[in-house]
Amino acid sequence: MTDPGDQNPQQPQWQRPPAQPDPQQGWQGNGPQQSGSGQQQTGQYGQQSPYGQSPTQPSGQYGQQSGQYGEQSSGQHSQQTSQYGQYSQQTGQYGQTAQYGQQPTEQFGQQGTGQYGQQPTEQYGQAPYAQGGYGGGQQPPKKKLSKKGLTGIIAGGSALLLIIVGGIVGVSVGNALHAPEVTVKSYLDALKSGDAEQALKLSGTEVSAADVLLTDDAYKAASGKVSGYTIGKTTTSGNTATVEARLTQGGESVDQEFTLTKVGKDAVLFDKWKLEAPELSTVQVDVVAPEDAVATVGGVDLTDVEPIAEGSYQLRALPGTYDVALSESDWYTAEATTTTAVGFGQAAEPATLAVALTDAGTTAVEEAVNAYIDGCGAATELAPEGCPFEIRNDTGFTPSGVTWKFDTRPTFTIGDFAGGGWTVDSETVGRMSMTCTLTDPATGQTGPGYSINPVDFVVGGTIEGFTDEGATFVPSP
């Protein structure tokens with residue numbers, strides 16, 4: 001039998017333990033094992049803790065000891081020193097033999113209580129050195145979390161992550177919903193749908209009685225409204241933001257800028273932006289017609305609108321094309337036209353309603369002028385009042401029975417309406433002859449009188465309007 005001191009300590013060889021202990025190996029009984037001459041008695045599998053420390057309780061079924069740097073070989077793989085199955089090598093920390101007079105772990109006939117020859121931890125009646133079987137300053141192993149507990153922690157961590165991510169996403173979405181361009185989009189969407197009142201409300205545009213086109217009825221009747229848009233660059237400087245947009249109007253593209261002002265916070269976190277009322281475009285309608293004519297723009301008459309000049313009206317309008325027309329009349333008419341408010345802040349080309357005589361109107365004018373000429377031709381004075389011809393009496397005789405006769409009737413033209421009426425001008429010169437009776441005031445003797453040369457004349461004047469009886473002709477002075 002070899003002396004333990006002659007042995008070269010070796011690290012244990014690690015293998016899986018047998019399924020069942022071998023009853024012939026001499027380490028299954030409850031009593032302590034006796035070693036060879038002078039050999040220390042060991043605990044389970046002949047191992048001792050270093051420096052007199054009490055042995056640890058086995059942590060596994062097969063007597064494996066765990067601990068930092070003090071793990072013991074398991075199963076039947078402790079080195080055997082004799083044919084009787086005894087184990088001479090004493091193992092401590094790092095597999096060293098016990099020193100300094102360490103006592104065996106089982107003395108005085110104490111019986112081991114563990115399965116497969118495990119020895120109790122109490123020595124000489126002392127309380128166990130370390131509860132749970134881990135001595136020598138070794139830290140107990142960390143308790144493994146159950147699958148349920150681990151799932152709960154993972155779920156809790158996931159929930160926290162979701163809350164954080166959700167908060168970040170919520171703030172991001174909130175900022176997007178409160179961006180300056182969102183207000184501009186709402187404004188342009190209202191224009192697309194023809195909702196003038198909503199658009200004006202969003203922009204804070206003040207409307208007066210003269211703004212006859214800033215109504216739902218007028219705007220819905222308009223064509224060529226904003227049919228689409230694209231939001232471009234947004235520039236923010238302090239409390240002011242500028243949003244660029246490209247509008248589609250009447251098949252054309254119109255670039256536009258909108259200005260917004262920061263007016264506070266919404267839900268503490270998000271900026272609130274207010275759209276500054278954009279400068280609206282204007283349309284101008286010039287009505288060249290009699291005073292009793294009624295012009296309409298977008299189906300709205302301008303009777304109660306104050307003109308900026310005689311017959312000239314200027315109106316604010318949302319982007320769109322508006323019909324311009326004149327009230328119906330038997331004597332004259334005006335060709336309907338349109339006017340377009342392009343985008344914002346622009347002045348449209350004036351739309352002109354220039355009246356023209358209807359056939360009935362032309363006939364009425366001709367009749368009125370000819371009636372005037374005929375009236376002058378029926379005059380009985382040498383110088384009929386208001387007529388374009390006359391003869392001076394230089395004979396000293398008293399004329400009577402004055403008669404005028406047309407040698408040639410003048411022809412005339414009717415001009416366009418301007419300056420309050422239609423002008424009438426002679427196209428050809430008329431020629432009149434006069435005959436009369438002359439009486440010598442001294443003697444009372446009478447004789448025929450006549451114009452030596454025919455009298456040429458022209459006709460001119462203005463048709464100022466019409467009544468139920470026809471045109472009203474005012475001759476030139």
Side-chain angles (χ1 to χ4, degrees), residues 194 196-197 200 207-225 250 280-342 347-369 371-372 412-425 461-474:
E197 292 182 1
L200 296 171
V207 180
S208 68
D211 293 314
V212 295
L213 296 184
L214 302 184
T215 65
D216 280 347
D217 290 340
Y219 195 55
K220 286 179 180 178
S223 60
K225 296 188 286 288
L280 297 180
S281 293
T282 58
V283 295
Q284 182 170 323
V285 178
D286 295 332
V287 182
V288 185
E291 291 183 357
D292 57 353
V294 178
T296 61
V297 180
V300 181
D301 72 64
L302 306 182
T303 303
D304 297 328
V305 178
E306 188 71 22
I308 59 174
E310 185 176 356
S312 184
Y313 302 87
Q314 194 172 73
L315 308 168
R316 293 197 301 169
L318 294 168
T321 299
Y322 300 84
D323 293 332
V324 181
L326 200 66
S327 57
E328 294 183 357
S329 170
D330 292 336
W331 315 109
Y332 54 83
T333 186
E335 184 177 357
T337 185
T338 60
T339 183
T340 301
V342 178
E349 289 292 328
T352 301
L353 290 175
V355 296
L357 294 170
T358 62
D359 290 343
T362 300
T363 300
V365 170
E366 291 174 348
E367 290 176 350
V369 175
Y372 164 72
F412 55 87
T413 60
I414 305 169
D416 294 332
F417 185 91
W422 289 266
T423 59
V424 176
D425 295 306
T462 302
I463 302 294
E464 293 184 344
F466 295 85
T467 65
D468 292 342
E469 287 74 24
T472 302
F473 176 67
V474 178

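The analysis underlying the following values was restricted to heavy atoms, covering all of them including side chains, and did not include hydrogens, waters or symmetry mates.
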Go through it in stages, so that I can follow the logic: the residues are Leu302 and Val297, the test is side-chain contact (heavy atoms from CB on, under 4.5 Å), and I'd like the CA-CA distance, side-chain angles, deciding distance and then a yes or no.
CA-CA 7 Å; Leu302 306 182; Val297 180; 3.9 Å; yes
Output, in order, the C-alpha distance, side-chain angles, deciding distance and verdict of side-chain hydrogen bond (donor to acceptor under 3.5 Å, both in side chains) for Asp301 and Thr303.
CA-CA 6 Å; Asp301 72 64; Thr303 303; 3.0 Å; yes
Does atom CG (Asp359) have a neighbourhood of more than 12 heavy atoms from anything else shown, all under 6.0 Å?
no
Measure the OH-NZ distance between Tyr322 and Lys225 for me, rounded to the nearest 0.5 Å.
8.0 Å
Nearest atoms (heavy-atom pairs only) where Arg316 meets Val207:
NH2-CA, 4.3 Å
Do Thr337 and Thr352 have side-chain heavy atoms sitting under 4.5 Å apart?
no
To the nearest 0.5 angstrom, please state how far the CD atom of Glu197 sits from the CG atom of Asp216.
4.0 Å
Looking just at side-chain N and O atoms, do Thr338 and Asp323 make a donor-acceptor pair shorter than 3.5 Å?
no
Please report the interatomic distance CH2(Trp331) to CD1(Ile463), rounded to the nearest 0.5 Å.
11.5 Å
Donor-acceptor pair, side chain of Thr296 and main chain of Gly299, under 3.5 angstrom
no
Between the CG atom in Leu357 and the OH atom in Tyr332, the distance rounded to the nearest 0.5 Å is 10.0 Å
Nearest atoms (heavy-atom pairs only) where Gln284 meets Gln314
OE1-NE2, 3.4 Å
Working for side-chain contact (heavy atoms from CB on, under 4.5 Å), residues Glu366 and Phe412
CA-CA 9 Å; Glu366 291 174 348; Phe412 55 87; 4.2 Å; yes
Ignoring hydrogens and angles, state whether a donor on the side chain of Asp211 or Ser208 is under 3.5 Å from an acceptor on the partner side chain.
yes
Pro290 vs Val355 side-chain heavy atoms within contact, under 4.5 Å:
yes
So that I know where these two stand, are Phe466 and Trp422 an aromatic pair - ring centroids less than 6.0 Å apart?
yes
Are Leu280 and Leu318 close enough that some pair of their side-chain heavy atoms sits under 4.5 Å apart?
yes
Kindly indicate, with the supporting measurements, whether the criterion side-chain contact (heavy atoms from CB on, under 4.5 Å) is fulfilled by Val424 and Thr413.
CA-CA 6 Å; Val424 176; Thr413 60; over 6 Å; no
Can you tell me if Thr467 and Glu469 form a side-chain donor-acceptor pair at under 3.5 Å?
yes
Minimal non-hydrogen separation, Leu326 against Ala289, with atom names
CD2-CB, 3.9 Å
Between CG on residue Asp416 and OG1 on residue Thr423, distance to nearest 0.5 Å
7.5 Å
Could you report the tightest heavy-atom contact between Leu353 and Ala325, atom names first, then the distance?
CD1-O, 3.2 Å
Yes or no on side-chain contact (heavy atoms from CB on, under 4.5 Å) for Val283 and Leu213, after CA distance, side-chain angles and deciding distance?
CA-CA 10 Å; Val283 295; Leu213 296 184; 3.7 Å; yes
Would you compute the distance between atom OG1 of Thr362 and atom CD of Glu367 and round it to the nearest 0.5 angstrom?
11.0 Å
Quick one: does any side-chain atom of Ser281 pair with a main-chain N or O of Ala347 as donor and acceptor, under 3.5 Å?
no
Is a side-chain donor or acceptor of Thr462 paired with a backbone partner of Val474 at a separation under 3.5 angstrom?
no
What are the two closest heavy atoms between Leu214 and Ala317, and how far apart are they?
CD2-CA, 4.0 Å
What's the shortest heavy-atom distance between Ala210 and Leu315, and which atoms?
O-CD2, 3.9 Å
